[in-house]
Structure formats: structure tokens, C-alpha cells
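Both counts, for ligands and for their atoms, begin at 1 and track the order of listing.
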Amino acid sequence: IIGITVSKAENFSQWYQEVVLKAELIEYYTEISGFFVMRPNTMYIWNTIKKWFQERIEAMGVEETSFPLFLSEKSLEKEKSHVEGFAPELAWVTMAGDKNLDTRVAVRPTSEAVMYPYYAKWIRSHRDLPFRLNQWNSVVRWEAKQTTPFLRAREFLWQEGHTAHLTEELAGKEVLEILELYAGVYEQLLAVPVVRGRKTEAEKFAGGYYTTTVEGYIPSNGRGIQGATSHCLGQNFSKMFEIKIEDPNKKGEHLYVWQNSWGLSTRVIGVMVMIHGDDKGLVLPPRIAKIQSILIPVGLTAKMTAEEKEAHLKRLDEILSTLKSAGVRAESDLRDGYTPAWKFNDWELKGVPLRIEFGPKDAAKDVVSYARRDTGEKGTIPIADLTTAVPALLETIQKDMYDRADAAYRAHRLQITKWEDVVPALDAKNVVLIPHCLTEPCEKRIKELTVSDGDQGADKAPDGQKAPSMGMKSLCIPFEQPEGLVQGETKCLNPECGKLAEKWCMFGRSY
Ligand SMILES: O=C(C[C@H]1NCCC[C@H]1O)Cn1cnc2c(c1=O)CCCC2
Ligand SMILES: [Mg+2]
């Protein structure tokens, strides 16, 4: 079978692996585990995201840079305060050729320690602010956990933005501007809804001041997933790396700059695959599909004369040109030796949003027949209307894909006010919004209290038993707070906590 051999509902993780392989997004790099080859179908999506994001950060005044791949043990020392938690994930180079290096160097897992010594050198005056650099590169984190394509890899592509500002307010404004661009990548390009919010102290980037995030939801297993993060670093790193300026308002005094850092990675592609894919394979949102519409000749039977067949294919080629001139990314599949049915399966597997069939019956009526990949809906379009109807249909598909995912997320984001309702909600593949005190020890306890073996979203172990699922983590404190929490009165939902609730906080089992 060239298709997917398991059902998404039955065996989600196996389904996912087959889709990314058979849709030719990924190849497993079998030489070293945890690494993957990203193929042209993936790079088209990544480059579409990159163009969209790059254009917008350039408009904000962000410039591009490219820093070295390696960082020294010395510069890592400066980040010691929070890096020890990450130390196990660092990959080191200790030799060149057959000679040991005098000191070992680490492959960047992120580039703060690489870049900030130079920020200290380049940023001297308030006239150098705001200072904004971004780089598109790959980083290495030697994950100990099970890796999976796009979602958790030992090397991934991302962009990392690193900026410096005169005040906390100016930094904070940019944090939210970037977060909104991240939401745009998900909602406008990938048709994936996200919740915008702030990470709790327990879940934020430990080296930062605060972290804002866009949080996704995977209906198949009810898991939350962190989509991208935009951090305000406060003055933590500028104090570590001595990035300071003459205080413009106080002669002779100096002022540590206020910094942000923000990152979005190829994980976004995995989220899109998991949310939109089905048992036939990948389902691509049209805006990021390399091929938006595939034209397939049908009904070319042996009864047709060579001339008739030639004339028919000529008309099909005209239809193709019409679509291309209307800005549609269209191709035709004229491969000999494959039946239309075989071709239909192949392009459905690869997620092409719109199939257009053209046979003698269609030609006789001056129409084409179409089939939507997302809903399977079929219909006909007069050839005369193609230049307007096909682009419009592709936009409808994009919007419908987003709307369906948004409805699923909203239906599984439950506001809970009774503790005993939490675990059943999680087991039914929901994320929850609960009144919470936002303290770290309480979060830790909640994670312990919400482990259960009734989780419908848990992967079935090989023996078919349900793996005992994890407890719930905080995902974010949504900027959009529901009603019903009375400051100074509403209690934290954790029955063992007893503190007052500060905010509604979204929790869920997560990646
Ligand atoms: O990378 C960041 C912060 C920041 N880095 C730049 C892009 C935005 C944001 O991700 C946090 N972080 C996560 N993971 C790791 C590190 C780390 O600093 C350092 C060691 C290896 C693992
Ligand atoms: Mg990590």
C-alpha cells in the first residue's frame, strides 16, 4: 500500500510518522538518531513562513546577522545561572582531525552566549538603541527524550531574534508585536488557531524576565503544545554580559539595556501536520501548499483516437495555463502507466488542497470537475469561471480549515471551577482553564495530582494497554481572561493549595 496503513484515531504517533515519511516531508537520518532530513516539500513550507515573517520584521527595523555555530565554555560560564539545567543537552566538539582542541567548544543550542559579548561591544549609547538582529539558522539540543520529526529533534531550523531597548516599556511593546507575528504564522499561513498568553514562573525561560507564548492544541490526543515564544529578558543578560549605555538622563551613570529574544522553529510544521492530516495523509492549507491544485486527465479510454486524446490534453494544458496566470500554483499529472485512481491517492497522500479532473464528459460541457482535499466535497466549475472560482475556492478551503480547527480548540478548552472535574476533562482530551495562584510549588503538585491511566489521548503501548499518562502542566496565562474570578475572593482550584487565585490559567497534558 502506498497510503497510510493506520488510522489517525487508532494510532496517532504511528499515523504521524507514516504521514511525514510518505508525504515526502521527512527522511529519517538513520546514521544518528534524533536527526531528520527535511525534503523539498518541507522546505517549501518553511521558506513560505520565512518570507512572510522576514518581510514583517524587516518592516520593524530588524536586521539580519549570522553568528558562529560554536560557543566557548568561557562565554557559557556567564549564563551558568540558568544553563546548568540545560547542560545535558549541549553537544561538544573536542577534537579537530586527530588533535584534541585546547578547550572544547559547544554547538549552539541557542545563541545568547555567542552574540551578547558583541552586543556589549556594539551598544554604547542610547543612539544605538533600539538594537535589533535576527538570524535564521539551526541549533542542536541533544534531547534525552524520544525524538519525533519536527516536534522534538536534536537539530532544528528556527529563527532567533535578539534585541536591545532603552526601557522596559519599549522592550515589552516589541515582545507583543513579535508574538502577534507568531500567531499570524499559525493562523494566517498554517490555519492553526493559537491562544496567546504569558508563561507562569515555573514554565518561563529561566534566564528571562517573562515569557509570552502562543499555545496550540492537538485534538487527536488532547495535548497542548507550545508554538513559539517571545521573551522579555529584562536586564538579566545585559548584567551578565555588561551590555550598558551612558544613561541619557543621568550624566556619568550607566544603564543596562532591556532585552528581548524570540524564536519560532520548524516545530510549526509538525503542529500543522497533526492538526489537519487525515487517514489519507497530509492535508495542506492552500497558502503554504507548493502545489495548490493538481490537474488530472480522466476518461482517456482506448476508444479515443490519438487525435482526440491529443486535442483533449491540449485543452487540459490550456486550463493549466489559465490557472497559473490566475496565480494558482497548479501542476498537471500526465504520467503514463498510472490510473486516475492511483493518481488521486498519491496527491491526496501529499496533501494537495484541490484536485481538478478533466475528462471528455467535462470537455463536452466546458467544465472541470473538482474535489476538495479537506472535506472531499466534489463539484464542477465552468472553464470560463476558473480564474475567479479556483482562487476563491482555495481561500474558502484555507478559511474552513482554520474555522474547523478553531471550533475544535474552543470546544476542548474547558473552564473548570470544581477540582473533581479536572482529571475527567483531561482524560476526555481537553485542556482546562482554572483559577490558579500561579505559584511554582502548586503547579508541581497539580502535575502529580493529575496523572491518570484513564487518558483517552494516551498512546496505546504495544500490548494495547494505555500508557499511564502524564499530569497536566501550565500552558499559559491567557491574555484573554474569562469572567468569574473575583480578586481576593476566588481560591486557587488546587484543593491542597488554599491560596487566592490570581488569574485563570490554562493547563493541559502537553508535548
Ligand atoms: O533558547 C532559549 C531562549 C531563547 N533563545 C533564542 C530564541 C528564543 C528563546 O528560545 C531557552 N533555552 C532553551 N533550551 C536550551 C537552552 C536555552 O537557553 C540552552 C541550553 C540548551 C537547551
Ligand atoms: Mg528543551
Side-chain angles (χ1 to χ4, degrees), residues 34 50 53 57 62 64-67 69-73 75-92 104-116 118-119 131-148 150-164 171 174-179 181-182 185 198-199 201-215 224-234 236-238 240-241 259-268 270 470 473 475-476 510-511:
K50 181 172 173 184
F53 186 75
I57 59 172
V62 178
E64 184 152 14
T65 190
S66 176
F67 273 78
L69 172 65
F70 297 106
L71 49 94
S72 66
E73 197 135 23
S75 57
L76 258 179
E77 277 302 302
K78 291 204 184 91
E79 275 193 87
K80 146 161 106 280
S81 59
H82 70 274
V83 159
E84 79 256 342
F86 293 127
E89 294 182 7
L90 290 175
W92 294 95
R104 61 180 190 164
V105 292
V107 179
R108 66 183 168 220
T110 178
S111 300
E112 283 79 359
V114 178
M115 298 170 79
Y116 294 172
Y118 297 89
Y119 278 41
F131 187 86
R132 296 169 156 159
L133 296 179
N134 178 66
Q135 52 183 11
W136 295 87
N137 61 22
S138 74
V139 291
V140 170
R141 297 175 180 183
W142 215 268
E143 297 286 349
K145 289 183 191 172
Q146 174 66 38
T147 55
T148 185
F150 299 119
L151 302 172
R152 184 180 293 279
R154 287 181 159 171
E155 178 186 14
F156 53 84
L157 304 182
W158 73 347
Q159 54 66 222
E160 47 178 325
H162 297 268
T163 64
E174 183 199 79
V175 165
L176 295 178
E177 282 169 7
I178 293 295
L179 191 73
L181 291 184
Y182 288 161
V185 167
R198 189 163 56 81
K199 285 287 187 184
E201 285 309 290
E203 287 300 321
K204 77 174 191 184
F205 167 32
Y209 176 35
Y210 61 83
T211 291
T212 67
T213 179
V214 286
E215 293 291 324
I225 185 160
Q226 179 178 299
T229 48
S230 178
H231 312 268
C232 180
L233 306 177
N236 300 354
F237 280 85
S238 56
M240 277 187 242
F241 289 90
Q259 288 178 275
N260 296 332
S261 79
W262 24 273
L264 174 134
S265 77
T266 38
R267 158 177 280 207
V268 304
M470 64 190 88
K473 281 173 34 178
L475 302 168
C476 75
S510 73
Y511 279 84

Start with the C-alpha distance between Lys145 and Glu89, add both sets of side-chain angles, then the distance that settles salt bridge (Lys or Arg N to Asp or Glu O under 4.0 Å), and finish with yes or no. CA-CA 11 Å; Lys145 289 183 191 172; Glu89 294 182 7; over 6 Å; no

Checking the N or O distance criterion of under 3.5 Å, is ligand 1 in contact with [X]?
X: Glu112; result: yes
X: Glu89; result: no
X: Trp158; result: no

How many angstroms lie between CD1 in Ile178 and CZ in Arg132, if you round to the nearest 0.5 Å? 8.0 Å

Working to the nearest 0.5 Å, report the span between CD of Glu203 and CD of Glu215.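 These two atoms lie 9.0 Å from each other.
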
Return the closest protein heavy atom for [atom] as residue, atom name and distance.
atom: atom 18 (O) of ligand 1; answer: Thr110 CG2, 3.4 Å
atom: atom 20 (C) of ligand 1; answer: Phe86 CB, 2.9 Å
atom: atom 2 (C) of ligand 1; answer: Arg141 NH2, 4.0 Å

Looking at Pro109, which atoms of ligand 1 are within less than 4.0 Å of one of its heavy atoms?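 Near Pro109, the atoms of ligand 1 are 19 (C), 20 (C), 21 (C).
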
Suppose I only count heavy atoms of Gly263 and a 4.0 Å limit; which atoms of ligand 1 are within that range?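 Heavy-atom distances to Gly263 below 4.0 Å select 7 (C), 8 (C).
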
Residue-level breakdown please: for His231 versus ligand 1, do any non-hydrogen atoms fall below 4.0 Å on the side chain, on the backbone, on both, or on neither? side chain

Take Glu73 and Trp92, measure what side-chain hydrogen bond (donor to acceptor under 3.5 Å, both in side chains) needs, and give me the verdict at the end. CA-CA 10 Å; Glu73 197 135 23; Trp92 294 95; over 6 Å; no

Do the non-hydrogen side-chain atoms of Phe241 and Glu79 ever get within less than 4.5 Å of each other?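 Answer yes - side chains close enough.
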
Quick check, are the ring centers of Phe53 and Tyr182 under 6.0 angstrom apart?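 Distance test on ring centres: under 6.0 Å, yes.
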
When you look at Gln226 and Thr213, which way does the side-chain hydrogen bond (donor to acceptor under 3.5 Å, both in side chains) test go after all the steps? CA-CA 7 Å; Gln226 179 178 299; Thr213 179; 4.7 Å; no

